[in-house]
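Throughout, a chain's letter reflects where its sequence line sits, starting with A, and its residues are numbered from 1.
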Amino acid sequence: MSNPDSDDMRRMNRRQFVRNAGLGAVGLTAMGALAACGGSDDSGSSSSAAADTAAAADTAAAEEVAPYQGTLRVVGLGVDLIDPIKAAFEAATPGVTLEFTVKSTPEVTQLALTQPDSFDIMSGYYHQLDQIWPSGNLQAIPTSMMTRFAEISPLIADGKLAENNNPGQGDAPFRKLFANSNTELAGEGNKTDMITMVPGNHNSDSFGYNEKELGEQTSWGIMFAPEVKGKVALIDDPEIGLMDAAMAAEAAGVMTFVDKGNMTKEEIDEIMAFLISKKKEGWFRGFWATFDESVNFMSSGEVLVESMWSPAVSLLQAQDFPVRYAAPTEGYRGWGGGNSVFSHVADDPSKQAAAMAYLNWWNTPEPAGIMAAQGYYNAVINASYEGLGAFPDGEAYQGYYLDGAPATTTLNDPFGQPTIMEGEVRDGGSYEERCGNFAVWNSRMDEADYLTQKWQEFKSA
Amino acid sequence: MSSDDAKHAALEEAKREVEEAESLTGASAVAVHATTGPRRSPLVTLAWVAPGTIWLLLFLIAPLVMIVLVSVWQKTPVGFDPFAFTTEGYTKLFDTPVYLDTLKDTIIRALIVTALCILIGYPIAYFLARGVSSIRYQIALFVFVLAPFWVAYVVRIVAWLPVLGRQGVINYFLVEVIGVRAEPIDALLYSNFAIILALVQLYVLFMVTPIFFQLATLDNAAIEAARDLGATPAKVFREVILPLSLPGVLIGCIFVFVLVMGEFATVRLIGGGTIQSVGTLVYDYYKLPDLPTAAAGATILVAVMTIGVAVLLRFSKIREVV
């Protein structure tokens, strides 16, 4: 076909591409073809042939599915619902637009529980599932529908990258990945053939500290060391903030916990009594609720050590502020997330196919690269490698973000801002090092309500 | 004399507006002087009243009813059950002293801010209305007073950081320039002091505006009469100007008190998360999500605010007799 296709033909091809991608039956071949088609209209016979072959390989169910043209409504977190992601998906999937609704984690939980019909896809964390999953508002996804299921990082599937790694306490993804049904989680150790969310990003969090004032720090215990009195901030979140404080208290030898990911009432009482007494001493400068607040706390010199997210640290480092992201010997606080489809979407097979295509698209190089250039890891870590490799100076990106090597050139974030200067080495090192030692994962505790009550007491003490 | 008549009419007009505003804010209606205007057909009156009534029903009364309803619904893991009534939302609030303590703090804070707004706002309004004779300068200066409101809310709040912070202007001056302190003062920022300062800056305008309009429409004849009868300037102010401007002060108080009682963003940001108001507490419950408890917290807040406003209005009626 040397002449450009007729309009009808083009539309036909696109439909086939979308459908194929949607069913996840053809995997990367079709995704590649899809991207090629999105890129140029007269890419001609090769991609169309690929689609035809793929279409022939489809199951009988596929033939009933009309291609979806329209909007997919995604509710989720500011971490991954960003403009570059939206632009990349829409360019790769003609005819489908994304509508992102960005909310805080508790708000996403609330919306998923109370307004499931308002959205098609939830982008969330694994530790939200204890709360959301029993509602039946989300669909269990057969593992066969996840294109790169076999390639999921062992960290996400089994809890460890290497045999001697510490998987950590709490709601680690491998404990919440599998489901028995739309309303029941499988629980740790039960690998069923259904998953709750197609895993997307994960990372290891620790604390940021002012290296100029404090020197190098490798223990959470610094948060309660005398030299930082009045210059400590925690994230204002009953569970995450408490876990950071709990790790600090444990490291400082104040108390121990059986399971920091699911504390007992007595443990909560003990740590809270300690925290309240510290607050009355004027130990804490603040509790931050937003990314910007955490950056302001550190950059204004109001705090020397605080809970922090890795991009906040990068942002300050790029401005030459002497902040470091600790690689604590006690281990990191991990988090992992992914995407799931709301149950009502199943009523519309074409939309369902498009939603599944979106879920699987997250494990392809382009979005994985966009996220990896901000320091996040894809559950299919190969996708992160491939995505970073596709950048100009790709090897420099791969080296810095995944291999723990010094940056060989200046690296930009996905928004085009230079964030990593030449010669910098990522705090904590390589993927294997940073994701090899978890103390705890972000969790929803059984005593969450009680905990919140105590957290409020703490904040108003 | 005709100009005085016009002023008289303007004063009547202003008074009626004040009274209308009072009845809108929920006061037992002070008799509105409906007889002063030309007679209107009832249909016309209805047409004038309808938009406001519909607006209030839809956007004030209906949401309030919903909040009260939600507050007595049963919380479930997936939201709430509207067919199971319980007082759990309220009992949960009083399980610990947190809510009552926070409510007490919030009321005290609102009273302090309101008082400071009167102290700062009244002289500004007085100067604008009585000290500046040219109407052009009056308007220009009034617009100048409005200037802080041209800046976005968050910017106004964040701007306090370089002033009050540990490395801010004030601490720099105290520690580095005049050296009266060895260590910067922490309590300037992320403290009750900082919150009150920011709230006064934010809301003093709501005090200045009604007092300004009240003072600007004062009957000069009354003041001249007092002077002619030998009153000292202080006495003129105490016996004539102040009583006549009290309705403006009252409206300012209602604005400021209600706004500060409901505040949560300023408290959150300027308090650095270390200080609570009822607003931030309710927001925390909303985030949980525990909507019934959040609604219960909000219901009590609205009740307390209503009592506060009622007390203010009662006070004003006494003053009107004087």
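Across A:Gln456 and B:Val98, no two heavy atoms sit closer than the pair O-CG1, 4.3 Å. Shortest non-hydrogen contact noted between B:Thr274 and A:Lys279 is O-NZ, 2.9 Å. Here the closest non-hydrogen pair linking A:Gln110 and B:Tyr286 is OE1-O, 2.9 Å. Of all the heavy atoms in A:Trp288 and B:Arg268, the pair that sits closest is C-NH2, 3.3 Å.
Interface remark: of the candidates B:Leu189, B:Asp105, B:Thr280, B:Asp290, B:Leu189 forms the most heavy-atom pairs closer than 4.5 Å to chain A.
Interface remark: A:Glu293 contributes side-chain atoms only to the contact with chain B (heavy atom separation under 4.5 Å). Looking at B:Leu161, only its side chain comes within 4.5 Å of chain A, counting heavy atoms on both sides. Contacts of B:Tyr99 with chain A are absent, with no heavy-atom separation under 4.5 Å from either backbone or side chain. Only the side chain of A:Thr452 comes within contact range of chain B, with heavy atoms under 4.5 Å apart.
Around atom OH of B:Tyr172, no more than 12 heavy atoms belonging to other residues, nucleotides or ligands sit under 6.0 Å away. No more than 12 heavy atoms of other residues, nucleotides or ligands sit less than 6.0 Å from atom CZ of B:Phe255.
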(request) For salt bridge (charged side-chain N to carboxylate O under 4.0 Å, His left out), just list the numbers for B:Asp186 and A:Lys229, CA-CA rounded to whole Å, side-chain angles, deciding distance to a tenth of an Å, and then say yes or no. (result) CA-CA 11 Å; B:Asp186 282 349; A:Lys229 182 182 175 184; over 6 Å; no
(request) Evaluate the criterion side-chain contact (heavy atoms from CB on, under 4.5 Å) for residue pair B:Asp101 and A:Glu457; output intermediate values, then yes/no. (result) CA-CA 10 Å; B:Asp101 286 351; A:Glu457 252 174 72; over 6 Å; no
(request) Report the C-alpha separation of A:Phe287 and B:Tyr190 in whole Å, then their side-chain angles, then the decisive distance to 0.1 Å, and conclude whether the ring pair (Phe, Tyr, Trp, His ring centres under 6.0 Å) test is met. (result) CA-CA 10 Å; A:Phe287 306 108; B:Tyr190 307 133; over 10 Å; no
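Judged by distance alone, with hydrogens and angles left aside, the side-chain atoms of A:Glu302 form a donor-acceptor pair with the main-chain N or O of B:Arg166 at under 3.5 Å.
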